[in-house]
Amino acid sequence: MKTQVCIVGAGPSGLLLSQLLHLRGIASVVLERRSRAHVMGRIRAGVLERGMVALLREAGVNARLDREALVHEGLDIAFDGRRHRIDLAALTGGAAVTVYGQTEIQRDLFEARDATGGIVIDEAEDVMPHEVDGDAPYVTYRKYGVEHRVDCDFVAGCDGYHGVCRTAIPNQVLKTFERVYPFGWMGLLADVPPVSDELIYVNSARGFALCSMRSPTRSRYYVQCPLEERVEDWSDDRFWTELIGRLPADAGARLVTGPSIEKSIAPLRSFVAEPMRHGRLFLAGDAAHIVPPTGAKGLNLAASDVHFLSRGLIAYYQTGDDRGLSEYSEKALRRVWKAVRFSWWMTRLLHHFPEDSPFDRRVQAAELEYLFTSKAAQTALAENYVGLPYE
Ligand code: FAS
Ligand code: PHB
């Protein structure tokens, strides 16, 4: 099989890139290791930056989002029995965030690719990029026991943190930067009305909690938990009790509980791989970077990578201009590191770090007090949360 861009991974990065390229007449093949049902079964992000929404609109997959998504102009930070609303819109000249689940984005993108004749091959085993530092890269895979080869001009590694494409960059070229956090997030999804109209981020004496949502009838909650916790040890009742114990009293009193649809524990890490390009291989999304979900940046960084990469590929194929491709890694990483910093800062601000000294805890309390009382501090949080420009 021959194509122009072989995309490894059918997560949001891979499918969005494939759809954007298709709309500009550029052919791609998407190779996905798991089944489509498995990909659709993942519960992940829920908050979209304005840049992500614009890109989904450019990809022509915004119809359901426009009907069903919620627009939030603020969020609450709660600490020490106090709750402060960060007025995102007022502090950023009218910007807001959009609440729409990653699962729905995956559904919309799969449907768009199917409707436009996209080639998305799932359950592709042992996908492996070859000769990415030459002029004729190719990707091999096996399906139903039959070996296949995709010859292409470029390979897009959209295969997430545990993917294979990053390993195609030689060790002497690849530099990685990592911080692993000493706790995880236990998330619960339930068909109950959200406790509040907007998100509530909580730093409580018992640890971090987050009240989020997917719709007016479906809520998403998280509590910080030790890394050694096992989700099977947490009944729904135990989760709800722990969550109520961390929420401000008024929110706890209003919380509507119910049976979980999904419950899982995600570890938290910050990770960046440089460069995001090697020869004719380009990394995008979680394949190149991971952030703790505190700042709601993971999925949104995948969007800005796809924005830069799709423009570089479109310019190359339409005019022969390869500057976008040459500048891709540097441009993407400039925005990645700002989001990595912000996600680290939000995580540091709102979680209990077991190794913290009394001094550290006083500094954290002072940082929250400063945030509650300083418009400059709130503006800094707001402009990062709604999303820094794609520049
Ligand atoms: P993805 O990991 O989504 O997709 C990569 C795809 O490549 C997968 O479908 C995988 O099966 C496939 N793949 C892997 N190896 C392959 C191989 N060798 N061959 C072929 N295919 C291969 N972000 C937020 O903003 N907020 C959140 O609350 C949040 N929660 C998260 C919870 C969890 C448990 C995880 C893991 C991530 C969470 N994220 C969150 C981040 C998440 O949304 C990612 O940023 C987003 O999925 C990135 O999309 P992709 O880059 O497409 O990577
Ligand atoms: C979510 O709704 O899943 C969500 C929202 C905000 C975050 C992380 C996760 O920071």
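What you see is a predicted model; the values in this text were computed from it and never measured. As the structure lists them, so they are numbered: ligands from 1, and atoms in each ligand from 1.
Val195 and Val223 fall within a single hydrophobic cluster, where Ile, Leu, Val, Met, Phe, Trp and Tyr side chains are chained together by heavy-atom contacts under 4.5 Å.
When the heavy-atom distances from atom 10 (C) of ligand 1 to Arg36, Arg42, Arg34, Glu125 are ranked, the shortest goes to Arg42. For atom 43 (O) of ligand 1, the choice among Arg44, His38, Gln102 with the nearest heavy atom turns out to be Gln102. Between Gly46, Gly187, Pro293, it is Pro293 that holds the heavy atom closest to atom 7 (C) of ligand 2. The residue from Glu49, Arg33, Met52 that puts a heavy atom closest to atom 17 (C) of ligand 1 is Arg33. The option with the heavy atom closest to atom 7 (O) of ligand 1, from among Val39, Asp159, Val30, is Asp159. Nearest-residue assignment for atom 28 (O) of ligand 1 (options Trp185, Tyr141, Tyr222, Tyr161; heavy-atom criterion): Tyr222.
Note on ligand 2: Arg44 sits in its first shell, one or more heavy atoms being nearer than 4.0 Å. Using a 4.0 Å heavy-atom cutoff, Arg214 is listed among the residues neighbouring ligand 2. Judged by the shortest distance from any of its heavy atoms, Ala296 lies inside the 4.0 Å radius around the atoms of ligand 1. Using a non-hydrogen distance threshold of 4.0 Å, Tyr221 does not register as a contact of ligand 2.
In this structure, atom 9 (C) of ligand 2 lies nearest to the protein heavy atom Tyr222 CE1, 3.6 Å. In this structure, the protein non-hydrogen atom closest to atom 44 (C) of ligand 1 is Asp286 OD2, 3.1 Å. With hydrogens left out, the protein atom closest to atom 50 (P) of ligand 1 is Ser13 OG, 3.3 Å, a heavy atom. Atom 12 (C) of ligand 1 has Glu32 OE1, 3.2 Å as its closest protein atom, hydrogens excluded (heavy atom only). With respect to atom 23 (N) of ligand 1, the closest heavy atom belonging to the protein is Ala45 CB, 3.6 Å. The closest protein non-hydrogen atom to atom 6 (C) of ligand 2 is Tyr201 OH, 3.3 Å. At the shortest separation from atom 4 (O) of ligand 1 among protein heavy atoms lies Gly11 CA, 3.6 Å. In terms of protein heavy-atom proximity, atom 49 (O) of ligand 1 is closest to Pro12 CD, 3.5 Å. Scanning the protein for heavy atoms near atom 18 (N) of ligand 1, the closest one is Val164 CG1, 3.6 Å. For atom 25 (O) of ligand 1, the nearest non-hydrogen atom of the protein is Gly298 N, 3.3 Å.
Less than 4.0 angstrom separates some heavy atom of Val8 from each of these atoms of ligand 1: 19 (N), 20 (C). The distance from ligand 1 to the heavy atoms of Lys297 drops below 4.0 Å at these ligand atoms: 25 (O). Listed by number with element, the atoms of ligand 1 under 4.0 Å from a non-hydrogen atom of Val127 are 19 (N), 20 (C). Close contacts of ligand 1 with Ala266, meaning ligand atoms under 4.0 Å from a residue heavy atom, involve 34 (C). Close contacts between ligand 1 and Leu31 involve ligand atoms 20 (C), 21 (N) [criterion: under 4.0 Å to a heavy atom]. Each of the atoms 15 (N) of ligand 1 lies under 4.0 Å from some heavy atom of Gly163. Within ligand 2, counting atoms from 1 as listed, the ones closer than 4.0 Å to a heavy atom of Arg220 are 3 (O). Counting atoms of ligand 1 from 1 in the listed order, those under 4.0 Å from a heavy atom of Gly285 are 51 (O). With ligand atoms numbered from 1 in the order given, ligand 2 contributes 6 (C), 7 (C), 10 (O) to contacts under 4.0 Å with heavy atoms of Ala296. Per-residue contacts place Cys158 under 4.0 angstrom from the following atoms of ligand 1 (heavy atoms of the residue considered): 5 (C), 6 (C), 7 (O).
Taking the ring axis of Tyr161 as reference, the NZ or CZ atom of Arg166 stays within 45° of it and closer than 6.0 Å to the ring centre.
Using a 4.5 Å cut-off on side-chain heavy atoms (C-beta onward), Thr103 and Arg42 make no contact. Contact annotation: the side chain of Ser28 never approaches that of His22 to less than 4.5 Å [non-hydrogen atoms, C-beta and beyond]. For the pair Val5 and Cys152, the minimum side-chain heavy-atom distance is 4.5 Å or more. Side-chain contact between Asp305 and Phe282 is absent, with no heavy-atom pair separated by less than 4.5 Å.
Under 3.5 Å, the side chains of Arg335 and Ser304 contain a donor-acceptor pair of N or O atoms. Side-chain polar atoms of Tyr181 and Arg179 form no donor-acceptor pair below 3.5 angstrom. For the residue pair Ser264 and Glu262, a side-chain donor N or O sits within less than 3.5 Å of a side-chain acceptor on the partner.
In this structure, Asp236 does not pair ionically with Arg238, as no charged nitrogen and carboxylate oxygen lie closer than 4.0 Å.
Under a 3.5 Å cut-off, the side chain of Thr92 and the backbone N or O of Ala95 do form a donor-acceptor pair.
Residue pairs that meet the salt bridge (charged side-chain N to carboxylate O under 4.0 Å, His left out) test with at least one member in residues 349-362, sequence neighbours left out, are Arg348-Asp356.
Distance check, rounded to the nearest 0.5 Å: CG of Leu243 to CZ of Arg206 gives 11.0 Å. Remark: Phe342 CZ to Lys338 NZ distance equals 14.0 Å, nearest 0.5 Å. Separating the CD atom in Glu242 from the CH2 atom in Trp234 is a distance of 4.5 Å, to the nearest 0.5 Å. Put simply, NE2 on His352 and CZ on Phe183 are 10.0 Å apart, with the number rounded to the nearest 0.5 Å.
Counting heavy atoms under 4.0 Å from ligand 2, residue Leu199 touches it through the side chain alone.
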